[in-house]
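Worksheet: the structure to be examined is printed underneath.
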Protein chains: 2
Amino acid sequence: MARRTGRRPGNPDTRESILTAARETFAERGFEAASIRGIATSAGVDPALVHHYFGTKEQLFKTCMNFPIDPAEVLPQVLAGGAEEIGERLVRFFLRIWDSPAGAAGVALLRSAVSNDWTARLLREFVTTQMIRHVLPKLTTEPAESPLRASLVASQMAGLAMVRYVLKLEPLASAAPEVVVAAIGPNVQRYVTGDLGTAAATAATEKAAAIATTEKAAAATGKTAATAATGAPGEKREKTAQRE
Amino acid sequence: MARRTGRRPGNPDTRESILTAARETFAERGFEAASIRGIATSAGVDPALVHHYFGTKEQLFKTCMNFPIDPAEVLPQVLAGGAEEIGERLVRFFLRIWDSPAGAAGVALLRSAVSNDWTARLLREFVTTQMIRHVLPKLTTEPAESPLRASLVASQMAGLAMVRYVLKLEPLASAAPEVVVAAIGPNVQRYVTGDLGTAAATAATEKAAAIATTEKAAAATGKTAATAATGAPGEKREKTAQRE
DNA sequence: CGATGAACTCAACGCTAGATGAAATCATGC
DNA sequence: GCATGATTTCATCTAGCGTTGAGTTCATCG
């Protein structure tokens with residue numbers, strides 16, 4: 001054991017290897033469960049070095065989330081061609097991103113959003129602004145319906161991501177992309193342009209509400225919890241933190 | 001401060017209140033983020049008492065997951081009426097459970113399954129055994145297709161749970177049950193009995209594979225990670241642990 | 001060659017977590 | 001009315017976390 005501390009002689013790409021290790025760990029474990037110490041070990045490096053390069057754990061996470069995909073740039077590409085086969089194109093686009101290395105960021109974000117507050121807010125805002133404000137209004141005739149349509153699409157996409165990439169439930173987890181597109185595309189299509197039957201449903205609900213108020217009261221125990229603050233995480237550690 | 005330690009004078013229902021606090025906390029935070037200390041505080045009790053009654057944190061979680069719903073008993077009820085409107089009935093059934101207090105267990109399980117290994121296995125095995133082995137075979141003509149159909153249904157259900165109960169994305173989060181049934185039911189219906197277009201898709205995939213092998217190679221960087229062991233968590237703490 | 005700064009590690013602080021064993025208090029049957 | 005056992009808390013252990021500041025090694029520019 002001649003020398004252990006101090007600057008490394010050869011390779012200058014340590015920063016990148018830390019980032020890679022961080023991406024993998026965050027994707028596997030989510031924000032909370034991933035540990036800086038684990039990331040450091042996985043990169044063959046001291047934990048302090050991670051802080052030296054990236055600052056706080058949150059800042060490291062956000063750096064990892066800098067996905068190489070600019071929605072404003074690629075989304076028009078998906079929208080091109082009108083509304084007839086938008087469902088299949090959406091699913092195909094979704095799969096191309098999530099099956100690529102960039103998909104790890106998605107898995108990390110999804111994993112983290114489930115048990116971490118500001119991460120959930122991140123994801124929620126992404127969905128609302130990107131989907132509801134930019135995509136859906138251009139496709140449907142009745143603008144009042146588009147928020148509902150957007151969250152329905154989001155539900156199918158989130159479920160696909162959960163089953164295929166997080167839970168890894170077979171056979172969807174390793175099905176060929178075109179099989180998934182053929183299976184799910186038409187359903188997404190219906191959410192975007194189809195008849196949702198909401199008019200009849202709301203009427204039926206109002207009728208039912210008059211009769212079975214009991215059941216609704218029983219179902220209302222659902223709580224409005226999960227308000228655990230953790231407000232916007234102020235900046236810390238300027239040093240070498242931001243770059244790239 | 002006359003007496004602080006020792007047996008409590010009045011109420012003998014401490015065990016139940018601990019369980020309730022545990023259910024709420026697990027549902028709000030997931031398995032990892034929930035702390036025994038937090039549960040104990042929320043129940044107005046010492047952390048050691050939680051261990052005294054329920055043993056390990058894992059055992060406590062499993063006790064909380066003892067949902068009051070026996071699938072073998074209620075599922076035939078959903079299946080009654082044949083395959084014509086099974087989609088809507090499935091969604092309605094799903095909502096009735098998840099909107100009820102028992103749904104907290106579902107939220108907890110889903111939240112936990114995302115970042116915890118053995119919890120994910122729990123959920124995965126539940127879906128596979130219950131859905132694929134018991135429900136789907138009775139509805140479709142081609143048994144070879146039923147696993148795919150099951151995971152498609154699971155994807156829509158998981159997505160619905162994520163958007164409505166975990167991320168709380170509006171307007172799906174607070175839409176009336178019958179609106180959700182009308183909107184999602186038909187899509188589930190297609191997954192169960194409709195044409196998935198898999199034959200054409202697989203053919204197209206094989207044709208495309210011959211041409212664009214490049215793109216597939218690029219997409220193959222997806223890693224086969226998430227193998228972090230944590231094998232079956234052996235039993236501990238027999239004492240007063242199991243009961244009920 | 002010598003100085004400056006970047007890359008890198010050590011050792012430690014403060015905190016929270018799950019878990020444990022012993023002690024204190026109460027209810028109750030004999 | 002006292003012994004037994006169930007209930008409940010205290011104090012503590014170990015382990016891991018994020019973070020920090022000081023110190024060590026190396027590259028590079030003058």
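Below, chain A is the first sequence line, B the second, and so on; all start at residue 1.
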Taken in chain and number order and not counting sequence neighbours, the residues that satisfy side-chain hydrogen bond (donor to acceptor under 3.5 Å, both in side chains) with A:R92 are A:E178
A:D13 CG to C:dA7 P, in whole Å, measures 12 Å
| said: Check the phosphate of C:dC8 against A:Y53, side-chain N and O only, distance under 4.0 Å to OP1 or OP2. Yes or no? | reply: yes
To the nearest angstrom, the CZ-C1' distance between A:F54 and C:dA7 comes to 13 Å
note: A:L60, atom CG; D:dT19, atom C1'; distance rounded to Å ~ 14 Å
Hey, does the side chain of A:T14 come within less than 4.0 Å of C:dC8's phosphate (OP1/OP2), counting only N and O?
yes
Rounded to whole Å, the CD-C1' distance (B:Q59 to C:dG18) equals 13 Å
Here the distance between atom P of C:dA12 and atom CG of A:D46, to the nearest Å, is 14 Å
What protein N or O atoms touch nucleotides 15-18 of chain D N or O atoms at under 3.5 angstrom, if any, and at what distances?
unit_1	atom_1	unit_2	atom_2	d
D:dC17	OP1	A:S35	OG	3.1
D:dG18	OP1	A:I36	N	3.1
D:dG18	OP1	A:K57	NZ	3.2
D:dG18	OP2	A:I36	N	2.9
D:dG18	OP2	A:R37	N	3.4
D:dG18	N7	A:R37	NH1	2.3
D:dG18	O6	A:R37	NH1	3.2
D:dG18	O6	A:R37	NH2	3.4

Picking from C:dT9, D:dT7, C:dC8, the nucleotide nearest the side-chain atoms of A:A48 would be C:dT9
To the nearest angstrom, the CD1-C1' distance between B:I39 and C:dG18 comes to 12 Å
Here the distance between atom P of D:dT8 and atom CZ of B:R15, to the nearest Å, is 12 Å
Next on the checklist: With a 3.5 Å distance limit and no angle check, can you tell me whether B:T20 reaches the backbone of B:E16 through a side-chain donor-acceptor pair?
Outcome noted: yes
| said: Donor-acceptor pair, distance only, cut-off 3.5 Å: does the side chain of B:K57 make one with the backbone of B:A34? | reply: yes
In whole angstroms, the gap separating P of D:dT19 from NE2 of A:H52 amounts to 16 Å
field: Salt bridge flag under 4.0 Å for residues A:R164 and A:D99
entry: yes
Check whether any side-chain N or O of B:T56 sits under 3.5 Å from a backbone N or O of B:Q59 as a donor-acceptor pair, and report yes or no.
no
Q | Backbone of B:F31 reached by a side-chain donor or acceptor of B:S112 within 3.5 Å | A | yes
Would you confirm whether B:R111, through its side chain, and B:A27, through its main-chain N or O, come within 3.5 Å as a donor-acceptor pair? yes
Taking the six-membered ring for Trp, are B:F93 and B:W98 closer than 6.0 Å centroid to centroid? no
Donor-acceptor pair, A:K168 side chain versus A:M162 backbone, under 3.5 Å? no
Given Watson-Crick and G-U pairs under 3.5 Å, DNA chain D in dot-bracket ([ ] crossing, | other strand) is ||||||||||||||||||||||||||||||
